[in-house]
Amino acid sequence: MSAQPLTQVLILLLASVVVVAVARRQGLPPILGYLVVGMLLGPLALGVLPNGEATHALAEIGVVFLLFTLGLDFHWARMLAMRREVFGLGAAQLLAVGVVAIGVLHALGVGWAAAAVTGGAIAMSSTAIVLQQLTDQSELNRTHGRLAFAVLLFQDIAFVPLLALATALARGEGAFTGLGVARLVVEGLLALLLVLAIGRWLLRPLFYEIAHSRLRELFTLTVLLVVLSCAWITQLVGLSMALGAFLAGMMLAETEYRHQVESAVRPFRELLLGLFFISVGMLLDVRLLYQQFLLVTGLLALLLVSKSLLMSLATRLYVDSTFKAVRTSVVLAGGGEFGVALLTILVPEPQLVPARVSQPLLAALVVSMVLSPLLIRYNRRIARALLGERGPPGTAMEREAAAAGEVARREHVILCGFGRVGQNIARVLESQGFEYLAIDLDPARIRRAREAGDAVLFGDSADEELLRLAGIDAASAVIVTFANPAVSVGIVRAVRRLRADVPVLVRTQDDAGLSELTAAGVTDVVPETFEASLMLVSQVLLLLNLPPARVLRMISGIRASRYATLRTIFRHEGAQVVDESHAFREELRTIVLPPASWAVGRKIDEVRARGADVTFTAVRRHGITGREPAGDTELRDGDVVVILGTPEALEHAEAVLLAG
């Protein structure tokens, strides 16, 4: 018996690796692979995986971590800027879908109270699937992504009274009393205020002390404690765990530790989210689907079409484009985990909702969740097809990659790595009229860079096929900016196999790996430590009135000898990072302006007058990027504003742009 759980885990891991790998190879969303694994191995199909409470608890924590990381990118000022979409569009969507569903269900013999819960369940969409897929496609900051997020946030809030009503009906308690409603509202507000108070007055000093301890494990443990504590507080009073985690993320977004927090949470989030998608697939009863195929298919089609139509009509009131409204409705057409949770409470009570209605409806909702990744993946094409319009093919990321491909056919510089050094080089090349194409493996960095108009490809710089796509044949130089010499050696060897004559420059931190890089065929190596020493000593010698020509000859001689003079040093074995929190490092940030942002309709100088002590490096509008915008540039709805500054200055500037 002791080996049985281990056997189940091994089967789960094997099936996940195979199915997700096949999905990725076929260009399908990985989420779809997880859903298929759960559907095939769940208790309603092959029965390999148990449908226990522990599985559902871990899966729910996966959603908690997803909403927490989204809160890190969605701080309080942005929440205020989107209040119209959250409480206006969110309420309109829920009422439009819910009222129509309630009418149909009541006509089928369902009581008004049970019909209200079931209608609310039908109106729900999957927060985890929608947000994860939109993030993977770099569409969360686009109009349809922003509106979808606002609706999902309102649905999370509306889930609380619907859950309370469903529980009361299942217990035979009937409708709410006025006192019960007032108590629920007061408890919810107190929980939200408690979470906000913790975030406002405790999180910054807490993380300040933890960060200065320089213990990575302690920092990770503190992040886990904060996330789960806030989720526990909101669950304790009947609110969703995900809402508490989202608020905690919003509070931490106001601090300079947001990026460290996100990197600490990411491994847990990805693992638990995979388990969540598997648990959703386990809910699908394959036998019922086979026995009542026509009924479930008809309900599925009715569900997707009616939700899309009603959502389009509601969204059209908030945007000036029918195309954007339809895209938003396609993204939210599928069912959601909260809707499934509401139905599972009512299914065992046939006196509330007859089995002939509840069972096929539950199957249709789960199938719609399985189809959601595909609907979201191709939402642009579906919207074009429904409206009979023609437009540029492919997703946003595919179009950005195609634009980068145009650069690859011209003379350009290839930047391997688009971190701090790579971006600095890119800015200088751009200022001198040289084109570049960067390659990087960080999806979040690539998403922000593409929003700002930079030509960046996702992938491994040592991949020869990717180097061909990046235009190695037309490149005038290759610059490797990775600090790890072993990574750089692999990239240089790949470049030399494809082209022997292109100049290759490599950045390193010191002289480690210098001989291997030279043997691999590098043109020149620039060690940061040595170059910093050379700059300092040259300045000192000039201040000591040494002739500039003599200083230049000395510097050139040291470089020609591969920095031999600078290698006779004693290394400090206990050296540590001076500033692990990176609180004083300037960085770039992209901010998308929602319609209700304070800065919309105002000039950049007005934003600066409010205390935004940052550099405005670019404004991107309708796909056109304007570098170094003038102070009288008027900002508009949907602009992508690129700013440069310290983390604290960036947080304040974002708050000014969004909320004034």
Distance check, rounded to the nearest 0.5 Å: Thr328 atom OG1 versus Arg316 atom CZ? 11.5 Å

Kindly indicate, with the supporting measurements, whether the criterion side-chain contact (heavy atoms from CB on, under 4.5 Å) is fulfilled by Leu300 and Leu371. CA-CA 10 Å; Leu300 175 65; Leu371 294 178; 3.8 Å; yes

Using a 3.5 Å distance criterion without hydrogens, assess whether the side chain of Ser308 forms a donor-acceptor pair with backbone atoms of Val305. no

Taking all non-hydrogen atoms of both residues, which atom of Ala101 and which atom of Ile122 are closest, and how far apart? CB-CD1, 4.0 Å

Spell out, as yes or no, whether a donor-acceptor pair under 3.5 Å connects the side chain of Gln155 to the backbone of Thr127. no

Would Thr118 and Leu361 satisfy side-chain contact (heavy atoms from CB on, under 4.5 Å), going step by step from the backbone distance to the final call? CA-CA 10 Å; Thr118 309; Leu361 183 58; 3.6 Å; yes

Is there a donor-acceptor contact under 3.5 Å from the side chain of Lys324 to the main chain of Val319? no

Return the minimal non-hydrogen interatomic distance between Ala452 and Arg620, and the atom names on each side. C-CD, 4.2 Å

In short, ring-ring contact (aromatic ring centres under 6.0 Å, His included) pairs touching residues 92-138 with sequence neighbours left out are His106-Trp112

What do the steps show when you test Thr315 against Ser329 for side-chain contact (heavy atoms from CB on, under 4.5 Å), and what is the final call? CA-CA 8 Å; Thr315 309; Ser329 68; 5.6 Å; no

For Val226, is there any backbone N or O sitting under 3.5 Å from a side-chain donor or acceptor partner on Ser229? no

Shortest non-hydrogen contact from Ala364 toward Leu299: CB-CB, 3.9 Å

In the structure I gave you, are the side-chain heavy atoms of Tyr318 and Arg84 within less than 4.5 Å of one another anywhere? yes

Kindly compute the distance separating CG (Leu332) from CG (Leu310), expressed to the nearest 0.5 Å. 12.5 Å

Do side-chain atoms of Ser368 reach the backbone of Leu365 as a donor and acceptor pair under 3.5 angstrom? yes

Rounded to the nearest 0.5 Å, what separates atom CD1 in Ile382 from atom CG in Leu387? 12.0 Å

Under the side-chain hydrogen bond (donor to acceptor under 3.5 Å, both in side chains) test, which residues partner Ser126, sequence neighbours left out? Glu337

Rounded at 0.5 Å granularity, tell me how far CG in Leu375 sits from CG in Leu304. 6.0 Å

Do the side chain of Lys307 and the main chain of Val330 share a donor and acceptor less than 3.5 angstrom apart? no

Can you see which heavy atom on Gln93 is nearest to which on Ala123, and at what distance? NE2-O, 3.1 Å

What I'd like to find out is whether the side chain of Val600 reaches to under 4.5 Å of the side chain of Leu635, using heavy atoms alone. no

Measure the shortest side-chain to side-chain distance between Leu89 and Met311 over non-hydrogen atoms and say whether it is less than 4.5 angstrom. yes

Are there more than 12 heavy atoms of other residues, nucleotides or ligands under 6.0 Å from atom CZ of Arg636? no

Stepwise, does the side-chain contact (heavy atoms from CB on, under 4.5 Å) test hold for Val640 with Ile591? CA-CA 6 Å; Val640 179; Ile591 300 170; over 6 Å; no

Would Arg380 and Glu139 pass as an ion pair if we require N to O under 4.0 Å? no

From Leu134 CG over to Arg142 CZ, what is the distance, rounded to the nearest 0.5 angstrom? 11.0 Å

Here the gap from Leu152 atom CG to Leu147 atom CG, rounded to the nearest 0.5 Å, amounts to 11.0 Å

How about Thr143 and Arg146: do any of their side-chain heavy atoms sit closer than 4.5 Å? yes

Under 3.5 Å donor-acceptor, Ser597 side chain and Leu593 backbone: no

Heavy-atom side-chain proximity of Leu658 to Pro594 below 4.5 angstrom: yes

Using a 4.5 Å cut-off on heavy atoms from C-beta on, say whether the side chain of Phe154 contacts that of Leu94. yes

Taking every heavy atom of Val110 against every heavy atom of Ala114, the minimum-distance pair comes out as CG1-CB, 3.8 Å

Would you say that Leu657 contacts Trp598 through its side chain, given a criterion of any heavy-atom pair below 4.5 Å between the two side chains? no

Mind listing the closest non-hydrogen atom pair of Phe323 and Ala383 along with its distance? CE1-CB, 3.6 Å

